[in-house]
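Starting from 1, each residue takes its place in the sequence as its number.
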Amino acid sequence: MQRSIHLIPQPKTVISGTGSISLVPTVGGDFPFFHETLADYVRRILGIVLTEETPGAIRFIADSAFPGEAYALYAEDGRAEIHASTPDGARNGMSTLLQLISAEKNGEVVVPAVRIEDAPDCAFRSIMVDLARCFRPLSYVLSYIDLCVLYKIPVLHLHFTDNENYTLPSRLFSALSTPGHHYTFAEIDALNRYAASRGIHLMPEIDVPGHCRAFCEGYGDIFGKDGIIAFTAAAIEAMQCLFCELCDMFPGSGRVHIGGDEAAIEKWTTDPACRDYALSQGIDFDMEDKRFLAERMLAAFVEKMAEAVLSKGRVPMAWEGFSAAVNGYVTRDVQIMSWENFYQTTPSLLDAGFTVVNSSWNPMYVVTPDTYWTQEDVFNWNIRTWEAVHPDSPYRDKKFIAPDAGQIIGGQLLAWGSSIAENCPDEASGIEMERKLIAERAPMLAENTWNMEKRRDYPDISAAYRKTDLIRKKIEGDFR
């Protein structure tokens, strides 16, 4: 009997054969670091133990015909072959296999006879989780890595710091870490290893110059005491050292997020301590236009943090947070997450030559327990569309549709924990609710960033979601 093939995201090419293929539970071939990972997932999903053998009924094959994240899955003639030239491609092929497998009573693995060749349209596909406003146990973070694997979402963005908690460890500034609400170095190492073994790229974030209560309380003499990182030589140098430490803490992270929004930058313009550093950077501190002065100083701050990240060979990311008036002072090496179209509109960022990620509040924000937008709303979104909610945005109650997606490299689903403590019975139930809300919407993000043009309708992907979500729950069983 031919089984229906329900996959998220929908592959570019699917050629179904006749019937199903029974596989002896063995794995081998290239990309050996994925052999144990695949075995772990098969055990969770099917309760079957895969053993490593050469060549193995399930085989990873290094194949230059499938560059980048492209892959092929060929299930035929008593074997399932995953072809790819990179670990990212091999991970994607493994993810497709996980959505297809079932079990025989004799302990063999079953997969439909099929030939799939596939590649994503968008280079950047990401989920963000706010670990600062509501602290989550490490097990929850690991479960988000598994969710990313299942749906071919290669980047997990971790918002580690905010006013409520500073959840990172630090050897340079140990007093930053919130007692009882921060991860240890051992846990960060475990997080890095788990992500690397599954081919998921972590993007850590320290959100400055705002969102910085821990800095002001722990090291006010260095970072300032006025609710914003001071624009002084001492504070800038210390922040650069902290970002270098962050890069070293996450050696496999190609991108590092430096924050950059929602800061009371006007405080800099009245602080005599900031004057000397501003002048040393060629900024006319005595200019009449104090709003431009504040923006000019913010641009210099972003530039300095980007320099630290770039010095470590990483790509700096920042929120849409500075105005168009200072675009000329920010390196185009910084990639911008356009989320509100208030500080600066997406067209302005694109016209200025920035690389942009669509992080539109509507419909890509999850603020548990509030569900502003449905699973179907996320499905109807695409990376070229922004709908703002800020009352001063020109796109409030309107849509902006970018004419060209060339500079828009992808999109992100974002989960903020700012309402959990106040509006849920307890934090544990709140973060469990958050995981459910993310799990409902992540497949829609995956579909729309893998296939920029719709290849299916909502009823079709809903049917696929009902199947894949059962797989997710089996995978997450170890972390409940």
Validation row: Val389, Tyr372 side chains within 4.5 angstrom (heavy atoms): no
Tyr343 meets the ring pair (Phe, Tyr, Trp, His ring centres under 6.0 Å) criterion, sequence neighbours left out, with none
What ring pair (Phe, Tyr, Trp, His ring centres under 6.0 Å) pairs are there with at least one residue in residues 421-445, not counting sequence neighbours? none
Using only heavy-atom distances, determine whether the side chains of His35 and Glu52 contain a donor-acceptor pair under 3.5 Å. yes
Looking at Lys454, I'd like to know if its NZ atom is crowded, meaning that more than 12 non-hydrogen atoms belonging to other residues, nucleotides or ligands lie closer than 6.0 Å. yes
Do Glu245 and Ser170 pair up side chain to side chain, a donor and an acceptor below 3.5 Å, judged on atom types alone? yes
Is it the case that Asn327 and Gln344 place a side-chain donor and acceptor less than 3.5 Å from each other? yes
Heavy-atom nearest pair, Cys212 first then Ile229, reads SG-N, 3.7 Å
Between Phe34 and Phe31, how do the two ring planes meet: parallel, tilted or perpendicular, split at 30° and 60°? tilted
Please name all residues satisfying salt bridge (Lys or Arg N to Asp or Glu O under 4.0 Å) with Glu447, sequence neighbours left out, ordered by chain then number. Arg456
Between His159 and Trp416, does the ring centroid distance fall short of 6.0 Å? yes
Taking everything shown except Glu187 itself, do over 12 heavy atoms lie less than 6.0 Å from its CD? yes
Going by salt bridge (Lys or Arg N to Asp or Glu O under 4.0 Å), name the pairs with one or both residues in residues 247-262, residues two or more places apart or in two chains. Asp248-Lys312
List the residues meeting ring pair (Phe, Tyr, Trp, His ring centres under 6.0 Å) with Phe250, not counting sequence neighbours, and say none if there are none. Phe160
Kindly compute the distance separating OG1 (Thr449) from CG (Asn358), expressed to the nearest 0.5 Å. 10.5 Å
Sequence-distant partners of Tyr144, ring pair (Phe, Tyr, Trp, His ring centres under 6.0 Å), two or more places apart: none
Taking the inter-plane angle between the rings of Phe173 and Phe223 on a 0 to 90° scale, is it parallel (under 30°), tilted (30 to 60°) or perpendicular (over 60°)? perpendicular
Partners of Asp207 by salt bridge (Lys or Arg N to Asp or Glu O under 4.0 Å), sequence neighbours excluded? none
Side chains of Asp146 and Tyr194 only: does a donor on one sit below 3.5 Å from an acceptor on the other? yes
Of all residues at least two apart in sequence or in a different chain, which pass the side chain to side chain donor-acceptor pair (under 3.5 Å) check with Glu307? none
Looking at CD of Glu432 and CG of Leu437, how far apart are the two atoms once the value is rounded to the nearest 0.5 Å? 10.5 Å
Testing the 3.5 Å rule here: is there a donor-acceptor pair between the side chains of Thr355 and Gln335? no
Do Leu176 and Leu242 come close enough that some side-chain heavy atom pair is under 4.5 Å? yes
All salt bridge (Lys or Arg N to Asp or Glu O under 4.0 Å) counterparts of Asp88, not counting sequence neighbours: Arg91
Run the ring pair (Phe, Tyr, Trp, His ring centres under 6.0 Å) test against His157 and tell me which residues pass, sequence neighbours left out. His257, Trp319
Minimum-distance pair of heavy atoms, taken over all atoms of Val334 and Ala306: CG2-CB, 3.6 Å
Contact summary for Leu350 and Ala402, nearest pair of heavy atoms: CD1-CB, 4.2 Å
Applying side-chain hydrogen bond (donor to acceptor under 3.5 Å, both in side chains) between Tyr71 and each of Asn92, Thr86, Asp63, Thr96, report the one that passes. Thr96
One pair to check against salt bridge (Lys or Arg N to Asp or Glu O under 4.0 Å): Asp40 and Arg198. What are the steps and the verdict? CA-CA 10 Å; Asp40 182 33; Arg198 282 147 176 78; 2.5 Å; yes
Only pairs at least two apart or in different chains count here, so list each ring pair (Phe, Tyr, Trp, His ring centres under 6.0 Å) that has a residue in residues 432-466. Phe379-Tyr458
One should read off an interatomic distance between Ser323 OG and Ile265 CD1, to the nearest 0.5 angstrom, of 7.5 Å
Cation over ring face, Arg171 and Phe185, 6.0 Å, 45°: yes
What I want to check is whether the side chains of Asp377 and Thr374 have a donor and an acceptor closer together than 3.5 Å. yes
Checking Asp392 now: which residues fulfil salt bridge (Lys or Arg N to Asp or Glu O under 4.0 Å) with it, not counting sequence neighbours? none
Rounded distance [0.5 Å steps], NE2 in His182 versus OG1 in Thr161: 14.0 Å
Parallel, tilted or perpendicular: which describes the rings of Phe66 and Tyr74, with under 30° parallel and over 60° perpendicular? perpendicular
Point-to-point distance, once rounded to the nearest 0.5 Å, from CH2 of Trp381 to CG of Leu413: 8.5 Å
Using ring-ring contact (aromatic ring centres under 6.0 Å, His included) as the criterion, point out the one residue from Tyr166, Phe135, Tyr140 that pairs with Tyr183. Phe135
Within this structure, what is the CG-CG distance for the pair Asp121 and Asn382, rounded to the nearest 0.5 Å? 11.5 Å
Is any side-chain heavy atom of Glu320 closer than 4.5 Å to a side-chain heavy atom of Thr346? no
Show the nearest heavy-atom pair for residues Pro11 and Ile116, with the distance to one decimal. CB-CG2, 3.7 Å
